[in-house]
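Let me begin by presenting the structure, written as structure tokens, before commenting on it.
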There are 2 protein chains.
Amino acid sequence: MIKKVLIAEDHESANISVQKTLEDLGITDFQHAYYCDDALEMVKQTAKTDRSYDLMITDLHFEPDDRKVSITNGIDLITAVREVQPDLKILVFSADFTTSTIQMLYNKLDIEGYIRKARHDAQEIKQAIKDLGMHRRYLPRPIMDLINGKNGYEFSTFESAIVKLLAAGTMQKDIPTRLQELQIKPSGLSSVEKKLNQLKQVLNVATNEQLVAFCKDNGII
Amino acid sequence: MIKKVLIAEDHESANISVQKTLEDLGITDFQHAYYCDDALEMVKQTAKTDRSYDLMITDLHFEPDDRKVSITNGIDLITAVREVQPDLKILVFSADFTTSTIQMLYNKLDIEGYIRKARHDAQEIKQAIKDLGMHRRYLPRPIMDLINGKNGYEFSTFESAIVKLLAAGTMQKDIPTRLQELQIKPSGLSSVEKKLNQLKQVLNVATNEQLVAFCKDNGII
DNA sequence: GGTTTTTTTATGGGAAACCGTAAATGATCA
DNA sequence: TGATCATTTACGGTTTCCCATAAAAAAACC
């Protein structure tokens with residue numbers, strides 16, 4: 001069960017909304033830090049005591065300003081915190097959404113969860129904290145799928161060309177011609193259809209529209 | 001011809017990349033400011049001299065920090081700068097991409113160009129500066145289309161709901177049911193089809209996939 | 001060189017999307 | 001209330017997409 005939470009986040013607005021979300025979940029025992037250094041210090045102060053934190057919610061990007069700091073970003077903060085209190089659960093809350101970053105955090109730094117700053121992030125935070133309370137890790141659905149299925153799925157020129165053409169308004173039946181113009185093989189309509197099906201299955205999306213949305217969200221196209 | 005440039009941008013990384021881009025264009029005479037106040041002061045100092053700037057590249061959002069400032073954002077900066085040196089060309093370089101914001105900047109503040117911080121923004125900056133050198137204004141293609149066509153197009157809840165459902169993988173034929181669940185009217189399939197056609201025409205896109213891509217790019221969904 | 005295996009392309013039937021038109025519903029106003 | 005107008009929904013024909021299967025081509029192997 002998550003009872004005591006530390007929020008490391010330089011944006012005041014994000015800070016407020018996270019606090020509000022915690023309150024909605026009935027969690028009232030939380031502190032926040034605007035600088036990584038402060039967050040680390042707060043963990044250090046409490047780690048070996050009965051006032052230790054159960055969860056740290058942290059941003060990845062911290063805006064540098066006049067104050068001299070030794071830790072400038074969330075990744076370094078997580079690394080440092082892990083040394084001090086290894087059992088502290090960590091939930092990353094960031095606008096960054098590149099698959100490689102998340103996979104690194106998940107595989108190398110063993111974070112317990114990742115929420116993207118996006119449309120319904122507050123709802124996601126709630127779900128994530130519930131999952132964490134049940135000792136389950138939480139990742140955004142598409143990333144979860146990537147890790148569970150083929151991990152580190154990379155888009156080939158063929159695949160990215162198809163999705164780009166779709167996003168540019170090319171009708172599926174016209175894609176073979178365009179691929180030939182681009183000198184990309186294969187170019188047959190069946191191959192395009194097959195690849196689209198494959199992509200949809202791997203990425204767990206239902207339609208071409210959703211595929212395009214996913215690729216846009218993840219900066220693939 | 002653009003020779004002397006002022007960069008107003010609080011992110012150091014963005015600052016560096018803009019400078020690099022300028023150097024690629026053969027522009028070496030540039031200064032930068034991390035605060036709006038500083039940028040305005042630099043314009044004031046040079047406006048009436050032979051050292052005046054040809055172009056100011058500015059962000060819209062500036063992170064507040066310990067320093068007390070009188071101008072906190074790009075819009076106020078642009079307004080103030082226009083008073084001091086009306087002929088200074090202004091290129092906005094921002095992550096914000098809401099149509100209404102850009103149209104306001106373009107129509108009310110008469111900015112010369114707008115670049116979104118995005119995938120290929122450096123290339124766009126180059127193109128924009130070339131255009132500006134030829135006394136042409138530069139806007140992202142989709143926004144240009146909006147302004148040339150119907151201007152000031154705002155997405156209603158109905159429209160945005162449809163596009164969101166598409167982007168979430170809902171099949172078109174299932175959208176009516178979902179709209180009813182969301183208590184959004186109209187919900188008939190014909191109405192959905194009609195609206196999609198209308199959106200595609202207004203936004204100058206050919207397919208649903210392209211529509212989703214456009215809305216993702218513009219932060220509409 | 002010929003056989004197997006894989007990849008690519010072609011084909012056809014059925015589902016979904018597209019598009020025009022007509023019917024139905026709802027709003028407005030005398 | 002009833003007539004008019006606008007909006008929403010229903011329907012049918014056509015195109016595109018989807019999906020399974022088979023043919024063709026290319027690659028790998030002996």
Side-chain angles (χ1 to χ4, degrees), chain A residues 142 145 149-150 153-216 220-221, chain B residues 145 149-150 152-216 220-221:
Chain A
D145 293 338
K150 290 193 176 186
Y153 193 77
E154 287 291 322
F155 272 64
S156 67
T157 49
F158 176 57
E159 291 160 337
S160 105
I162 292 177
V163 181
K164 279 178 186 166
L165 285 170
L166 279 182
T170 315
M171 277 197 296
Q172 207 161 302
K173 71 181 178 67
D174 296 328
I175 289 184
T177 316
R178 292 290 161 76
L179 287 176
Q180 284 172 359
E181 291 168 6
L182 295 168
Q183 300 184 347
I184 292 174
K185 294 191 303 189
S187 64
L189 182 56
S190 291
S191 298
V192 172
E193 290 172 344
K194 183 182 170 188
K195 179 54 75 180
L196 279 173
N197 277 333
Q198 190 186 326
L199 282 175
K200 284 186 229 173
Q201 196 165 12
V202 170
L203 301 176
N204 194 31
V205 298
T207 64
N208 282 351
E209 289 91 337
Q210 194 180 7
L211 176 63
V212 168
F214 176 86
C215 290
K216 281 286 176 191
I220 294 167
I221 57 170
Chain B
D145 292 340
K150 290 195 176 186
Y153 193 79
E154 287 290 324
F155 271 64
S156 67
T157 50
F158 177 56
E159 291 161 338
S160 102
I162 292 177
V163 182
K164 278 178 188 168
L165 284 171
L166 279 182
T170 315
M171 278 197 296
Q172 206 160 303
K173 72 183 177 68
D174 297 329
I175 288 185
T177 315
R178 292 290 159 77
L179 286 176
Q180 284 173 358
E181 290 169 6
L182 294 169
Q183 301 185 343
I184 293 174
K185 296 191 301 189
S187 65
L189 184 55
S190 290
S191 298
V192 172
E193 290 173 343
K194 183 182 170 188
K195 179 53 74 180
L196 279 172
N197 277 333
Q198 191 185 326
L199 282 175
K200 285 187 229 174
Q201 196 165 11
V202 170
L203 301 176
N204 195 30
V205 298
T207 64
N208 282 351
E209 288 91 336
Q210 194 181 7
L211 175 63
V212 168
F214 174 86
C215 291
K216 280 286 175 190
I220 295 168
I221 58 170

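Remember, predicted model here, so these are calculated numbers, not experimental data.
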Counting only pairs under 3.5 Å, give me each side-chain donor-acceptor contact of residues 166-174 of chain A, with atom names and distances, residues two or more places apart or in other chains.
from: Thr170(A); atom 1: OG1; to: Leu165(A); atom 2: O; distance (Å): 3.0
from: Gln172(A); atom 1: OE1; to: Asn208(A); atom 2: ND2; distance (Å): 3.0

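- Considering CZ of Phe214(B) and NZ of Lys216(A), their distance stands at 11.0 Å, rounded to 0.5 Å.
- Taking both residues in full, the closest heavy atoms of Ser187(B) and Val192(B) are given as O-CG2, 4.4 Å, listed atom of the first, atom of the second, then distance.
- We find the CD1-CG distance between Ile175(A) and Leu196(A) to be 6.5 Å, quoted to the nearest 0.5 Å.
- Against DNA chain D, the stretch residues 172-184 of chain B makes no heavy-atom approach under 4.0 Å.
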(Q) Can you build the contact string for nucleotides 6-14 of chain C? Use B for base contact, S for sugar-phosphate-only contact, and - for no protein heavy atom under 4.0 Å. (A) --BBBB---

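- Applying the salt bridge (charged side-chain N to carboxylate O under 4.0 Å, His left out) test to residues at least two apart or on different chains, the pairs with a partner in residues 175-187 of chain A are Arg178(A)-Glu181(A).
- Between Leu199(B) and Lys195(B) the shortest side-chain heavy-atom distance falls below 4.5 Å.
- Taking the screw axis at each terminus of the helix from dG1(C)-dC30(D) to dA30(C)-dT1(D) from five consecutive base pairs, the angle between the two is 30° to within rounding of 10 degrees.
- Between Pro176(A) and Gly188(A), the shortest heavy-atom distance links the atoms CG-C, 4.2 Å.
- Scanning for side-chain contact (heavy atoms from CB on, under 4.5 Å) contacts around Gln183(B) gives an empty result, with sequence neighbours left out.
- Across every non-hydrogen atom of Lys200(B) and Ala206(B), the tightest pair is CD-O, 3.6 Å.
- Side-chain contact between Glu159(A) and Val163(A): absent, with no pair of heavy atoms (C-beta onward) separated by less than 4.5 Å.
- Residues satisfying the side-chain contact (heavy atoms from CB on, under 4.5 Å) criterion with Pro186(B), sequence neighbours excluded, are Phe158(B), Ser191(B).
- Note that the first and last nucleotides of DNA chain D, 5' to 3', having any atom under 4.0 angstrom from a heavy atom of chain B are dT8(D) to dC11(D).
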